[in-house]
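In the text below, chain A, chain B and the rest are named by the order of the sequence lines, each starting its count at 1. Hydrogens, waters and symmetry mates play no part in the numbers below; they use all other heavy atoms, side chains included. Keep in mind that what you see is a predicted model, and the values were worked out from it rather than measured.
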Amino acid sequence: MTIVDMGHGGARSATAGAPALEVDDLNVVYTVRGIDREVLRGVSFTVAPGEAFGLVGESGCGKSTTAYAALRYLPRNGKIVSGSVRVGGRDVTAMSDAALQEFRAREASMVYQDPAQAMNPTLRVGKQVVEAFTVLGHSAPDAAKLALEALRKVRIADPERVMDRYPFQLSGGMQQRVVIAMALACHPKLLVLDEPTTGLDATVEAEVLDLVRVLRQETDAAVLMIAHNLGIIRSLCDRVGVMYAGKIVEQGPSAEVFDSPQHPYTVGLLRSLPRHGVRKTERSLATIPGILPLIGAHLPTCVFVDRCPLADDKCRTEVPPVVALEGDPNRFSRCHHVDRIADIPEPEPGVPITVLSPSADQPGVLELSHISKTFRQRNHAVPALVDVELELGEGETLGIVGESGSGKSTLARAMLGIDAADAGGVLALNGTQVPPSTTERSADDKRALQMVFQNPDSALNRSWSVRRILARSVTKLTGVKGAAANKRVEALAAHLRLTPRHLDLKPRQLSGGLKQRVAIARAFAGDPRIVVCDEPTSALDVSVQAAILNLLADLQSAERTSYVFITHDMGVVRYLADRIAVLYLGRIQEIGPTNEVFNGPNHPYTEALLSAIPSVDGEEKTRIRLEGEIPSPANPPSGCVFHPRCPRAMPGVCDTTEPQLVEVAAGHSMRCHIPFDELGRLQGVPLPTPNDD
Amino acid sequence: MTDHPSSIVVPGQMPDVSERKQARRENWRLIRRRPAFLIGMAILLVWVVCALFPLTIAPHHPLDFRTGLNQSPSWDHPFGTDQTGRDVFSRVIAGARDILRIAPAAAVLGVLFGVILGMLMGYIRGWFDIIASRIVESFLALPVVLVGLLAVTTMGNSAWVVIGVVAALFTPIVARTVRAAVLAERELDYVTSAKLRGESTMFIMFREILPNVMGPIVVELTVRLGYAVFTVATLSFLGAGPPPPSPDWGSQVSDNYSSIVSGFWWRTFFPAGAIASLVISVNMIADSVQSVMEAS
Amino acid sequence: MLVTLWLLATIVFLLVSVLPGNVGRKVLGPFAPEAEVQRYNQAIGTDRPLLQQYFTSIRRAFTLDFGKSYGTREDVRDMVLDALGRSGKLALLAFVLTIPISIVAGIIAARRQDKITDRVIVNAGLASSSIPEFVTASVLLSIFAVQLGWGKAFANPPDNAGPIEQLQYLVLPATAMAIAYFGYIARMTRAGVITALHADYTRTATMKGLSKRQVMVRHVLRNALAPTITVISVQIGYLFGGIIGVEKVFNYAGLGSLMLGAVGAHDVPVLQGAVMLVGMIYMVSTLLADLLIAYLNPRIRLGATK
């Protein structure tokens with residue numbers, strides 16, 4: 001067990017002085033169609049001054065409701081039924097409107113997801129930041145000076161210019177900095193951060209999180225942080241509460257909770273993450289069967305009982321007590337069987353998958369050469385994809401990673417012919433060239449190449465039943481009709497672990513995970529050779545993601561299908577992919593076998609992506625930080641497109657000449673002017689001995 | 001990896017009914033709880049019954065002028081009589097027929113054409129959409145009542161002309177709504193997926209997309225019905241309705257409003273009230289339908 | 001804009017010239033003497049080749065020259081503009097009466113969402129906007145002018161009337177129109193304010209510790225009024241549809257009465273001119289609304305600069 005200390009003086013004792021935040025037995029209901037439904041069922045925790053406390057849990061567990069209740073900003077249909085919220089000793093639930101207004105102005109602040117929406121789109125940034133100071137009683141000129149100061153404090157280099165802009169003219173990272181600056185205007189006693197980096201790109205997220213860390217040292221605010229990403233919580237919070245169905249089921253210092261979880265839910269959550277570089281062929285991921293109880297469900301039991309591998313009759317009849325654990329005085333688990341945590345079965349071993357790598361006499365199932373895609377925008381050429389070369393072997397998984405604007409979805413759409421690639425490139429299936437647009441492709445070509453989309457709500461026709469969705473694909477792709485098609489649909493469903501009952505439901509009656517299964521079943525309806533998966537799990541909770549990743553691995557093992565797997569999640573791609581391609585501004589910057597890409601030496605961009613991941617294991621990493629914003633593909637920088645953000649850029653070379661994609665080791669190519677061994681030296685990675693011939 | 005079958009979220013507990021019926025039943029249940037809907041339906045029903053069986057319900061014949069002239073409302077003539085001694089109550093009852101024939105026909109036709117045009121504009125896009133959008137925009141600049149007058153003047157005063165003109169002027173309005181819905185819909189991945197398995201444009205438009213935009217279409221139909229009643233009544237008040245002996249409401253107001261100043265208010269008030277009650281009832285229904293559809 | 005104007009002229013042309021065949025015969029009826037029909041056709045130009053008629057009609061639309069009235073031989077443009085001036089006065093008064101009240105009612109309804117005040121405003125709005133203007137006008141006339149003796153039953157002020165006296169004549173018909181627009185504007189304002197109240201930036205403003213009033217004035221309204229402005233601009237066009245009924249009830253010599261007279265006299269050029277003019281007013285008002293919205297929303301104004 002390693003206790004990591006990220007940029008802060010360690011957990012300050014919760015007993016020093018009045019707690020910054022004290023939530024006691026908080027019960028909140030939402031009124032839905034006239035009925036009060038319980039959302040929070042007795043939440044209690046305290047946050048000491050200067051301490052950072054994290055709440056984690058999957059969607060619907062009540063973590064955001066807790067945050068909003070803490071500042072008494074519940075939705076119109078929400079109300080606090082019982083319990084108290086004290087900030088600095090004062091009861092927030094009992095404040096008058098005027099007192100509440102004063103409290104929000106001077107003592108508490110909040111930063112939340114989606115900074116683009118958090119600022120008034122019709123007012124200049126400056127006006128909005130200044131307002132945060134005038135509300136404290138500062139005169140207009142003073143407030144303007146303080147606003148500039150505040151923007152400098154959140155590391156905005158050119159605050160005068162930013163003040164003069166409208167929110168939509170700033171990038172997401174910049175917007176979030178401005179929101180943070182406004183939140184800190186009053187030197188709050190309590191700062192609530194609700195998923196502050198969700199939706200931001202990995203390198204931008206890392207920047208914002210660094211900023212939060214630094215600011216925590218500079219100010220004395222207590223932090224309540226909500227995140228679904230366990231790594232972020234671990235890297236930023238002293239203590240953590242794990243929430244499930246409106247209850248905190250386990251609480252304690254972050255490192256202890258994540259390193260030796262003492263509640264079956266925490267155990268399941270952590271095991272469902274791909275960690276420690278484990279691959280799909282070695283071990284499958286743990287899943288948490290079943291779903292979260294609906295809000296308002298009557299639960300005179302352990303809230304987790306329906307999904308718990310340790311559940312017995314006691315769990316079904318008695319609410320488990322708060323069991324204090326050894327070590328930290330505030331460490332507890334709400335479980336009848338803390339002593340049996342070790343009995344939770346380990347995930348099953350992985351599945352064998354044979355990969356037929358393409359070679360000279362064995363063409364790959366999919367080959368792309370010189371594939372480019374240029375969009376036209378107001379008579380402007382926007383190169384979204386530039387000269388992409390790829391091949392894919394049978395049973396192989398190629399991971400494609402990159403941030404927004406990198407062209408990864410464009411690449412997927414070009415492969416499938418949804419947006420045909422520019423003329424001049426060659427796209428071949430099993431060694432035979434196919435037309436660029438899907439409408440010109442033969443039925444067999446269409447059948448061979450199918451797709452799983454990011455958002456199953458969008459991907460499934462919501463007025464069709466599951467049976468009709470699958471049957472139509474079977475008929476269209478294989479020509480099988482009627483009873484035979486129906487038989488195939490049932491077989492397909494069984495293969496995807498959908499029951500016959502699911503077939504007669506509409507998508508909206510299914511949970512997110514089941515919907516994605518239907519979408520995968522549809523992609524497999526015609527026995528495709530290649531399935532392109534575009535972020536298929538990014539909209540899902542981690543335990544559901546685990547089930548989907550296992551399923552994809554199983555299908556690949558049985559059907560020898562090849563995957564092109566697009567994702568921004570480096571953990572997922574490491575688990576699933578055999579090779580990884582890193583895209584930046586439509587260009588492949590690095591491509592190579594998964595292990596080599598993760599072990600390095602890397603392209604500096606890959607290096608930045610890898611070091612941007614906040615790890616749930618608390619591994620210390622040398623980090624490289626990217627400055628500036630991702631450029632628009634409409635206006636790519638000169639020379640190496642990455643050079644303006646590259647900390648290792650060599651002036652005079654990188655800004656003038658575009659590097660070529662060069663093979664630096666067997667099957668490992670890179671687009672960088674810095675020699676491979678030099679990169680290895682800079683990154684502290686011993687070079688692989690050049691003997692694998 | 002066992003996601004056991006309990007992972008189905010079934011709103012309500014009606015597992016044996018087909019899903020479509022269930023959704024409809026849910027909407028129906030919600031809408032029935034709205035007082036505005038119930039009141040609107042009750043008023044509309046009264047007028048529909050009047051339109052179907054005017055002679056059974058009315059105490060007198062609407063054209064029968066043997067009773068006394070200009071009598072104020074009484075037990076015998078609850079709405080009074082007009083300048084030729086006809087019973088205003090009976091005429092109001094009989095007058096429901098014209099408007100309840102013309103307005104729904106115009107609304108249905110307008111929505112039908114609007115849906116077809118809007119689907120084509122939204123799905124096919126390109127030049128067709130650009131050109132059609134400009135035409136739709138110009139149509140929107142035409143005030144319905146003015147064009148109705150112009151058309152009735154040049155094309156004659158028949159019910160079909162009124163139906164045709166009102167439908168033609170509603171078409172672009174409906175098309176714009178449907179186009180917007182289809183534009184949002186065609187960006188969804190199920191449409192991409194349909195293309196990937198080689199579905200035809202017609203199939204995608206009418207089998208994949210249409211069922212998903214039925215909500216706004218139903219709303220549009222009820223709203224257009226309200227506007228149709230409004231427009232048809234106004235046109236007939238302005239002289240584009242059926243000729244004088246007819247008990248049509250708009251024509252009745254038109255024939256009698258100048259006598260308000262002479263104190264014979266009931267000759268105008270009751271047909272005007274009839275128009276108001278019908279329009280309000282249809283709009284109450286439309287508003288309820290809209291709220292329920294938007295909530296689901 | 002010019003394209004729309006051209007399309008508008010084309011639509012009106014199609015309506016009067018192509019669809020009905022022999023316009024003179026249709027307008028004058030089956031029993032009119034043939035010579036009369038020909039004279040009519042000649043007067044409005046429907047005896048000339050279609051294409052020539054079309055170009056004439058388009059030129060007229062762009063030069064605002066609609067020819068001479070068949071009935072009075074006066075210049076249609078003068079007649080229409082004259083009548084428009086009087087109708088404009090009425091419409092302006094209606095807007096002055098209705099816009100502030102409707103917007104305030106919409107804001108109140110939004111702030112009291114789902115409470116009794118809100119229900120009352122919403123349903124009053126629904127009723128007010130669904131009743132045809134001539135119905136409201138008739139009812140106002142019977143109650144106020146006739147029973148109570150307030151306002152005038154005939155809206156035409158004497159030629160030498162001062163502004164106050166004119167107002168006395170116009171107030172009842174303007175109220176009838178104001179009632180009709182109350183519903184549209186109040187409901188749209190309410191919807192806009194509710195959307196803005198639920199927006200994240202409103203939450204940010206509240207969390208900053210601003211008072212409810214500051215949040216409403218500085219953050220909510222600026223964002224909430226765009227749809228309302230659109231509705232008002234669209235209503236300016238429809239205003240002239242509703243105005244016909246009101247002018248008829250109150251015997252007011254505006255555009256509506258001019259058109260009704262033209263219908264009676266089968267005076268197609270006057271009708272054509274009036275419809276074109278109203279269409280143009282609609283186009284100008286939506287254009288102004290778009291400019292105003294762009295002014296309020298920098299995203300639209302500066303959209304391309306990101």
Side-chain angles (χ1 to χ4, degrees), chain A residues 33 284-287 289-291 294 306 348 413 416-418 438-439 441 443 446-447 449-451 453-465 469 472-473 476-477 497-499 501-502 504-506 508-511 513-514 517 519 522-523 525-526 534 544 546-548 550-551 554, chain B residues 1-24 26-27 29-31 33-34 181 184-201 203-218 291-292 295-296:
Chain A
R33 286 195 200 134
S284 66
L285 300 168
T287 59
I291 54 158
L294 295 173
D306 285 342
E348 289 159 36
R413 294 174 76 87
L416 291 154
I418 303 164
T438 181
T439 50
R441 289 186 190 169
K446 282 179 187 145
R447 184 178 172 178
L449 196 52
Q450 283 291 316
M451 180 164 186
F453 299 88
Q454 174 171 11
N455 181 352
D457 288 316
S458 158
L460 303 178
N461 191 332
R462 59 193 182 280
S463 47
W464 286 22
S465 69
I469 290 169
R472 183 73 199 175
S473 275
K476 228 23 213 179
L477 293 171
R497 301 191 175 88
L498 294 161
T499 66
R501 241 182 86 192
H502 292 135
D504 295 309
L505 298 175
K506 291 278 173 71
R508 70 179 177 94
Q509 294 169 293
L510 304 174
S511 66
L514 283 170
R517 275 176 205 216
R522 179 179 62 187
D534 186 1
V544 183
I548 295 293
N550 287 344
L551 188 67
D554 287 355
Chain B
M1 46 184 275
T2 42
D3 224 351
H4 63 70
S6 78
S7 42
I8 314 166
V9 190
V10 183
Q13 312 86 24
M14 296 166 278
D16 290 321
V17 196
S18 93
E19 210 276 336
R20 187 176 300 227
K21 263 189 203 153
Q22 189 182 316
R24 244 185 246 148
E26 172 71 7
N27 277 344
R29 198 177 61 79
L30 283 176
I31 204 166
R33 285 219 234 130
R34 303 183 78 91
E185 212 56 44
R186 77 192 290 279
E187 295 306 317
L188 296 181
D189 290 330
Y190 73 84
V191 175
T192 312
S193 173
K195 286 181 194 156
L196 282 180
R197 61 171 190 265
E199 300 287 6
S200 70
T201 302
F203 183 92
I204 295 178
M205 268 169 45
F206 291 100
R207 305 293 289 280
E208 296 261 9
I209 294 180
L210 186 62
N212 291 317
V213 295
M214 276 318 282
I217 291 174
V218 169
S291 309
V292 169
S296 71

Open item on the list: Nearest 0.5 angstrom please: A:Arg441 CZ to B:Leu196 CG, how far?
Closed with: 8.5 Å
Task: Interface residue of largest heavy-atom contact number with chain A, from B:Asp189, B:Ile209, B:Val191, under 4.5 Å - done: B:Asp189
- [ ] To the nearest 0.5 angstrom, please state how far the CG atom of A:Asn455 sits from the CG atom of B:Leu188.
- [x] 8.5 Å
Task: Validation row: B:Asn212, A:Arg462 side chains within 4.5 angstrom (heavy atoms) - done: yes
Open item on the list: Can you give me the closest heavy-atom contact between A:Leu460 and B:Tyr190, atom names plus distance?
Closed with: C-CB, 3.8 Å
TODO: Drop me the distance from A:Trp464's CH2 to B:Arg207's CZ, to the nearest 0.5 angstrom.
DONE: 7.0 Å
Task: Side chain, backbone, both or neither of B:Glu185 within contact of chain A (heavy atoms, under 4.5 Å) - done: side chain
- [ ] Considering non-hydrogen atoms only, spot the tightest contact between B:Lys195 and A:Lys446 and give its length.
- [x] O-CE, 4.5 Å
Open item on the list: Return the OG1 to CZ distance between B:Thr192 and A:Arg413, rounded to the nearest 0.5 Å.
Closed with: 5.0 Å
- [ ] Go through A:Leu416, A:Thr438, A:Asn461 and name the one with the most non-hydrogen pairs under 4.5 angstrom from chain B.
- [x] A:Asn461
Open item on the list: What part of A:Arg522 gets within 4.5 angstrom of chain B, counting heavy atoms only: side chain, backbone, both, or neither?
Closed with: side chain
Task: Residue pair A:Arg472, B:Phe203: steps toward the side-chain contact (heavy atoms from CB on, under 4.5 Å) verdict - done: CA-CA 12 Å; A:Arg472 183 73 199 175; B:Phe203 183 92; 3.4 Å; yes
